[in-house]
Amino acid sequence: MRTRRIVPSALVVATTAALLTTGTQPAAGQPGTADFTVVVEDGASTDAAKAAVAAAGGRVLAENAAVGTLTVKAPAAGFVQRVSASDAVLGATGLKPLGAAPTDTPGNREWRVVEREHLGAAAQSPSPAKSPDATAGMDPLDDALWGLKLVRSDKARARQAGDKRVYVGILDTGVDGTHPDIAPNFNRELSRNFTIDIPSDPNGNEVDGPCEFRGCVDPDDHDDNGHGTHVAGTIGAAANGFGISGVAPNVSLVNIRGAQDSGYFFLQPVVDAITYGADIGLDVINMSFYIDPWYMNCLDHPADSPQARLEQRATITAVQRALNYAHRKGVTLIAAGGNNHEDLGNPRTDAASPNYPAGTNYPRAIDNSKCLHLPTEGEHVISVSSLGPSLAKADYSNWGTEQTDLSAPGGWFRDGFGTPWYRTNENLIRSTYPRNVALAEGNIDEAGNVTAKGQSAGVAKYCAGTSCGYYQYLQGTSMAAPHAAGVAALVVSEYGKKDRAHPGTLTLSPDKVEKVLLKTATQRACPFPRTVSYEREGRSAEFTATCEGDARFNGFYGHGIVDAYGAVTRGGSHI
């Protein structure tokens, strides 16, 4: 992974992870109070930090010793500045929506709009060939999975289809563990939900909508958004003769949910999910999101208020501590490169931050040496850019020699300009879709039949007997990252050793996994000419991208396109 290290202070992390919390977000407090994450200063006593919390009027609710954070209830006004004045506290941030998978909220539109660009866009239909019967190791709808074939999972599974002793964490909006393609590989015992649904924020704006379950806590096998289930299906949908199969169809899937139904990510649930995943022995964690409300988390930006600076300092430190902890525990960390169509080594002005509360954003020129797009620019993270079926970089995908490690299929609705495939659903990535979300979005009716709206969106239904599953098309670097995560899981399956710390599982050093992924990726040179305009596809000049580097490594493709077959047949020589 190619990372820039921004160090607020020496990052010394506790050697043991005593997660002294249930992992759930505290319920909203009374008027005038709020929940906060307080980050303990490196080398400082946790007791001293707790005393500082009390002196600032707060009460500690939970502690994550692996990361050095405290979950605190305190007066909403002025607490961040008061507690951060202590030498024992590095900084603090409010426990408010801090991340973005797809949502409709200001600042997060690039995810929601990009991923669902095909909806209502009068998509064409190229009339692809009729689905053949599933062959050995392949499933009936796999003919539509051009991404699975591009990374050569169809060939790799003849040798290595994944091992149940390999565990992949889905840090996302949840996973529908009841979906017929997910259920065979879903580990409900290890799965956890680190969030509590929020019906509305303190200003009365709807966040997650009405609570469906007691205590506003969704079950560990539930997804009210669909994003996490889509990611999970691409990684490890079972090759069970039903629906679709994933890149690693025999591995175990674990839901470590860190996002709200609405797609927001809180800082504390994210770091709790990462450290929990490390403690239970996960081999891979997929992270298809970014940490907000700051698209770019910066140190001491002159346009930011003192409180905003403290919040970003706390976020950068807490996230990096969690990533360091997981890496030391043997977790390979995969992240989406982002959908903001920019060179991460030369980012544009950040006009979207902070994206919560709505209307509080303001433009900030970004100093690349002091700002990070997290988690993808964190240390130990493998960052993935997105390709369309033509192998061109998708117009929305971030890129750059500073950060892009690998490229993978993420879909591109506008790929194939001048051909019948242009603006077709089939250019996107098809994966698993929760029935409850399909119903809520009007893509199926109460009887489970795909509606006209669903048909236009490319929603598919597959049934065997009384069991039915649903599938949807999405695009984004969120869809590219799970292709790489699936290949990483195959690498551990093929070359991993018995994990003494977690009997009955396999393990392989994340540095070795990364080396196999990079060394066996299919190299691809920059396009000619190197500067690519997307104006013919209807994009503005802002989308124009210039590829730097050679075939061995460049800003569009990183070290190459992730290759499952190469990884399981040639990877051993790189370990």
Side-chain angles (χ1 to χ4, degrees), residues 23-26 35 37 93-105 107-112 115-116 168-177 191-199 201 206-209 211-213 216-235 253-277 285-295 315 318-319 322 333-336 338-339 355-356 374-376 431-434 436-437 440 474 476-479 481-482 485:
T24 56
Q25 171 74 23
D35 298 327
T37 294
T93 183
L95 290 184
K96 57 192 177 186
L98 289 180
T103 75
D104 292 320
T105 56
N108 292 337
R109 293 196 182 100
E110 72 274 12
W111 291 85
R112 183 77 167 187
E115 291 183 350
R116 301 180 176 223
V168 181
I170 317 299
L171 205 175
D172 215 288
T173 62
V175 176
D176 178 10
S191 292
R192 296 288 186 275
N193 174 11
F194 290 87
T195 67
I196 286 180
D197 289 349
I198 304 173
D201 67 15
E206 183 175 294
V207 179
D208 293 326
C211 296
E212 302 95 339
F213 301 94
C216 292
V217 178
D218 292 343
D220 297 334
D221 61 354
H222 189 76
D223 180 7
D224 258 333
N225 181 290
H227 191 266
T229 299
H230 195 281
V231 165
T234 296
I235 295 172
L253 301 174
V254 180
N255 175 23
I256 50 170
R257 176 175 166 177
Q260 306 299 131
D261 288 346
S262 54
Y264 284 123
F265 284 71
F266 289 87
L267 173 63
Q268 194 65 54
V270 168
V271 297
D272 285 350
I274 293 172
T275 55
Y276 169 78
I285 293 179
N286 187 88
M287 301 180 291
S288 289
F289 61 90
Y290 69 82
I291 301 291
D292 284 296
W294 308 92
Y295 171 74
T315 299
V319 171
L333 300 160
I334 308 286
N339 297 345
N355 61 18
Y356 188 88
L374 294 170
T376 201
S431 190
T432 41
Y433 190 23
N436 58 299
V437 180
L474 296 175
T477 55
S478 284
M479 286 66 246

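Quick note: numbers below take in every heavy atom, side chains included, and nothing from hydrogens, waters or symmetry partners.
Under the 4.5 Å side-chain criterion, counting only non-hydrogen atoms from C-beta, D223 is not in contact with V175. Using a 4.5 Å cut-off on side-chain heavy atoms (C-beta onward), M287 and V270 make no contact.
In summary, of the residues considered (I198, D35, I291), a side-chain contact (heavy atoms from CB on, under 4.5 Å) with F266 occurs for I198 alone.
Residues satisfying the side chain to side chain donor-acceptor pair (under 3.5 Å) criterion with T432, sequence neighbours excluded, are absent altogether. With sequence neighbours excluded, the residues that form a side chain to side chain donor-acceptor pair (under 3.5 Å) with N286 are S288. Residues passing the side chain to side chain donor-acceptor pair (under 3.5 Å) test with D176 are T178, sequence neighbours excluded. The side-chain contact (heavy atoms from CB on, under 4.5 Å) check on S431 picks up H230, T234, I244, with sequence neighbours excluded. Residues passing the salt bridge (Lys or Arg N to Asp or Glu O under 4.0 Å) test with D218, sequence neighbours excluded: R257. Take A273 and apply the side-chain contact (heavy atoms from CB on, under 4.5 Å) test, not counting sequence neighbours, and it matches L171, F194, I256. By the side chain to side chain donor-acceptor pair (under 3.5 Å) test, D220 pairs with no residue at all, sequence neighbours left out.
With hydrogens and angles disregarded, a donor-acceptor distance shorter than 3.5 Å links the side chain of T173 to the backbone of G228. Judged purely by atom type and a 3.5 angstrom limit, N193 has no side-chain atom pairing as donor or acceptor with the backbone of P219. Put simply, the side chain of E206 never gets that close to the backbone of P199: no donor and acceptor are under 3.5 Å apart. Judged by distance alone, with hydrogens and angles left aside, the side-chain atoms of D208 form a donor-acceptor pair with the main-chain N or O of D261 at under 3.5 Å.
Using the six-membered ring where Trp is involved, Y295 and Y290 have ring planes that are perpendicular, over 60° apart on the 30 and 60° scheme.
For T477 against G338, the heavy-atom pair with the smallest separation is OG1-N, 3.1 Å. Nearest heavy atom pair, residue A481 against residue I334, reads O-CG2, 3.5 Å. When all heavy atoms are compared, the tightest approach of A318 to V271 is O-CG1, 3.7 Å.
The distance from atom OG of S478 to atom CG of D172, rounded to the nearest 0.5 Å, is 7.0 Å. We find the OG1-CG distance between T229 and N255 to be 8.0 Å, quoted to the nearest 0.5 Å. If you take CG on L474 and CE on M479, they are separated by 5.0 Å, rounding to the nearest 0.5 Å. Note: T376 OG1 to F289 CZ = 10.0 Å, rounded to the nearest 0.5 Å.
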Exercise. Show your working on side-chain contact (heavy atoms from CB on, under 4.5 Å) between V207 and Y264 and close with a plain yes or no.
Key: CA-CA 9 Å; V207 179; Y264 284 123; 3.9 Å; yes
Exercise. Carefully, step by step, assess E212 and H222 under the rule side chain to side chain donor-acceptor pair (under 3.5 Å).
Key: CA-CA 11 Å; E212 302 95 339; H222 189 76; 5.3 Å; no
